[in-house]
A.B. asks: 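If you scroll down you'll find the structure; I have some questions about it.
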Number of protein chains: 2
Amino acid sequence: MPSEPMSADPMPAEPAETSARPLTRIQKRNIEAILDAALEVFSAQGFRGATLDQIATAAGLSKPNLLYYFPSKEAIHLELLSSLLDDWLAPLREMRAEGEPRDEIMRYMRRKLEMSRAMPRESRLFANEILQGAPRMGGTLAVELKVLVDEKAAIIRGWSAAGKIAPVDPHHLIFSIWALTQHYADFDVQVRAVLGPGHDPYTEAERFLDTLFDRLLRP
Amino acid sequence: MPSEPMSADPMPAEPAETSARPLTRIQKRNIEAILDAALEVFSAQGFRGATLDQIATAAGLSKPNLLYYFPSKEAIHLELLSSLLDDWLAPLREMRAEGEPRDEIMRYMRRKLEMSRAMPRESRLFANEILQGAPRMGGTLAVELKVLVDEKAAIIRGWSAAGKIAPVDPHHLIFSIWALTQHYADFDVQVRAVLGPGHDPYTEAERFLDTLFDRLLRP
DNA sequence: CCTGATGCTGACCGTTCGGTCAAACGACCC
DNA sequence: GGGTCGTTTGACCGAACGGTCAGCATCAGG
């Protein structure tokens, strides 16, 4: 216990990103296991549907031990949401005004579809949160997300005006990419139930969405 | 109590559809109030997130009184889901092979969008159910829904083959209509947060989706 | 106005849940 | 081997939840 007075910060739990002390090997392992287990459970059951016991069991820990690393159920959920938002928005951030317009949009769509395929749990976690009115993300949505989307919408509008792509409402174009790609993760059971066995939804979806956006954007 | 021996069927609660006795005025009023309140609460909080007290309060009843009309929380939820499925599928059922292909598909899309606008709670109720793996609807999806979609997909495939519309994967065309229209109900807060004030999402969506499906389907 | 069925309620019950705590355990360093 | 700090646990707590029950209120029909 070097240098610090013992009066302030008695917190033993969760030496998170703001703390100075580096993470123990055990801390790293357990925190990672907890977050992975929590993602599994929260995405499948929603926030209120998930229980600490479920998460603890899935992480291979006891409930009090889990609460040694995180102060509350809410804290785990929040940590998941905030750390995921960056990954989730990264593909859109990479859309460059200098690129070839159709390529840029198609690449964005494909990357989003690939994320739905590779990270369905994350997609469902967000879907659950938004569905219930985004009680823990409302602010972020209205600021950070809006700024990013407005910026990219302006780029798309420029491409439309320059005749590089067919005229489209840029905001709703982005919404359509979200809706169409996330649908395959969020409604996975429905898609598979309707298609029946012997289908690979994502392979078919990629072909379909390629066609769809090609016909939509071709000038 | 005519004709029936008192030994069997002591059930006082919920004289539902299978019962012979017609519904009292009070029964009709209260059951309707309960289902409406339950739709409100379940769609906003999910099944486990909703509490009987919330539903009872929203319906203007006490909790025991609510349980006088329905035997359990589960029963209310099930009643909502099953009675909603028909309404939800009705627009697709109305798609006729004899109609003008583009009109039929565009009308279906517009009706689904209108349902999202007029019945967002119902849309979110379904979304919640599917998101969590459809534990209470899995069977129905794999049978009733699959049969209906396969039937309509065959019609669409015929239209494609006849050159009436551009070639498309019919199943994924239907998925895309679901995804694009339900997105505006299920992700309402996100759409509004990104668009900001002064926008009517549904009016803009109708214009955008008209354009999208016109370009996608035009032979 | 009487009566039986329907409608309604306060009090209560068992369980589950999120969270706490004191005590024990264990690894590592002197 | 003893001390220390990080780690783990069993036992426990209060609140919330789904559901029950005995009894009271109310209503409709005769």
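Order of the sequence lines sets the chain letters (A, B, ...), proteins ahead of strands, with each chain counted from 1.
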A.B. asks: Please state how far atom CG in A:Leu67 lies from atom C1' in D:dT7, giving the value in whole angstrom units.
C.D. replies: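 One finds 14 Å between C1' of D:dT7 and CG of A:Leu67, rounded.
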
A.B. asks: Does A:Arg121 pair with A:Glu40 as a salt bridge, N-O distance under 4.0 Å?
C.D. replies: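 Looking at A:Arg121 and A:Glu40, the cut-off is met.
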
A.B. asks: Among C:dG18, C:dT20, D:dG19, find the nucleotide with the atom closest to the side chain of B:Ser72.
C.D. replies: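 So the side chain of B:Ser72 is nearest to D:dG19.
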
A.B. asks: Looking at B:Arg93, I want to see if its CZ is surrounded by more than 12 non-hydrogen atoms of other residues, nucleotides or ligands under 6.0 Å.
C.D. replies: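 Result for CZ/B:Arg93: enclosed.
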
A.B. asks: Any Lys/Arg nitrogen of B:Arg117 or B:Glu114 sitting under 4.0 Å from an Asp/Glu carboxylate oxygen of the other?
C.D. replies: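 Salt bridge present between B:Arg117 and B:Glu114.
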
A.B. asks: If you count every heavy atom of other residues, nucleotides or ligands that lies below 6.0 Å from B:Glu32 atom CD, does the total exceed 12?
C.D. replies: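 For B:Glu32, atom CD is not crowded (no more than 12 foreign heavy atoms under 6.0 Å).
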
A.B. asks: I'd like to know if B:Asp150 pairs up with B:Lys146 as an ion pair, taking the criterion as any Lys NZ or Arg NE/NH1/NH2 lying under 4.0 Å from an Asp or Glu carboxylate oxygen.
C.D. replies: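 Salt bridge between B:Asp150 and B:Lys146, a charged N being under 4.0 Å from a carboxylate O: yes.
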
A.B. asks: Using a cut-off of less than 4.0 Å, is there contact between a side-chain N or O of B:Ser62 and OP1 or OP2 of C:dT9?
C.D. replies: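 It does, given that an N or O in the side chain of B:Ser62 lies less than 4.0 Å from OP1 or OP2 of C:dT9.
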
A.B. asks: Using a strict threshold of under 4.0 Å (side-chain N to carboxylate O), is an ion pair present between A:Asp169 and A:Arg157?
C.D. replies: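 No, this pair does not count.
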
A.B. asks: For B:His172 and A:Tyr184, I'd like to know if the aromatic rings sit close, meaning centre-to-centre distance below 6.0 Å.
C.D. replies: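 Centroid separation for B:His172 and A:Tyr184: below 6.0 Å.
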
A.B. asks: OP1 or OP2 of D:dT7 less than 4.0 angstrom from a side-chain nitrogen or oxygen of A:Gln27, does that happen here?
C.D. replies: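 For D:dT7, OP1/OP2 do have a side-chain N/O of A:Gln27 under 4.0 Å.
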
A.B. asks: Could you state the OH-P distance from B:Tyr68 to C:dT6, rounded to the nearest angstrom?
C.D. replies: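 Spelled out: OH on B:Tyr68 to P on C:dT6 is 7 Å.
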
A.B. asks: Whether B:Asn65 contacts C:dG7 is assessed here as follows: a side-chain N or O lying under 4.0 Å from the phosphate OP1 or OP2. Is that the case?
C.D. replies: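 Answer no for this pair, as no side-chain N or O of B:Asn65 is under 4.0 Å from OP1 or OP2.
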
A.B. asks: To the nearest angstrom, how far is A:Arg29 atom CZ from D:dG6 atom P?
C.D. replies: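 Rounded to whole Å, this separation is 16 Å.
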
A.B. asks: Tell me the interatomic distance from B:Lys63, atom NZ, to C:dA11, atom P, rounded to whole angstroms.
C.D. replies: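 Interatomic distance, NZ of B:Lys63 to P of C:dA11: 14 Å.
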
A.B. asks: Taking only Lys NZ, Arg NE, NH1 and NH2, and the carboxylate oxygens of Asp or Glu, determine whether A:Glu104 and A:Arg107 approach each other closer than 4.0 Å.
C.D. replies: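 The answer is yes: the pair qualifies as a salt bridge.
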
A.B. asks: So, does B:Arg124 use its side chain to make a donor-acceptor pair with the main chain of B:Ala185 at under 3.5 Å?
C.D. replies: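 Yes.
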
A.B. asks: Between P on D:dA16 and NZ on A:Lys73, what's the gap in Å once rounded to a whole number?
C.D. replies: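 Computing the A:Lys73:NZ to D:dA16:P distance gives 14 Å.
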
A.B. asks: To the nearest angstrom, how far is B:Glu74 atom CD from D:dG19 atom P?
C.D. replies: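 Rounded to whole Å, this separation is 9 Å.
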
A.B. asks: Pick out the pairs of N or O atoms, protein on one side and nucleotides 25-30 of chain D on the other, that lie under 3.5 Å.
C.D. replies:
residue : atom : partner : partner atom : Å
D:dA28  : OP1  : B:Arg25 : NH2          : 3.1

A.B. asks: So if I take residues 38-56 of chain B and measure heavy-atom distances to DNA chain C, which residues fall below 4.0 Å?
C.D. replies: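 Close to the strand are B:Arg48.
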
A.B. asks: Rounded to whole Å, how long is the line connecting atom CG of B:Leu61 with atom C1' of C:dG7?
C.D. replies: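 My rounded result for the distance is 11 Å.
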
A.B. asks: Given C:dC8, C:dG10, D:dT8, which nucleotide is nearest the side-chain atoms of B:Pro64?
C.D. replies: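 Given the options C:dC8, C:dG10, D:dT8, the side chain of B:Pro64 is closest to C:dG10.
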
A.B. asks: I want to check one thing: is the phosphate of D:dT8, taken as OP1 and OP2, less than 4.0 Å away from some side-chain N or O of A:Asn30?
C.D. replies: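 Yes, such a contact exists.
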
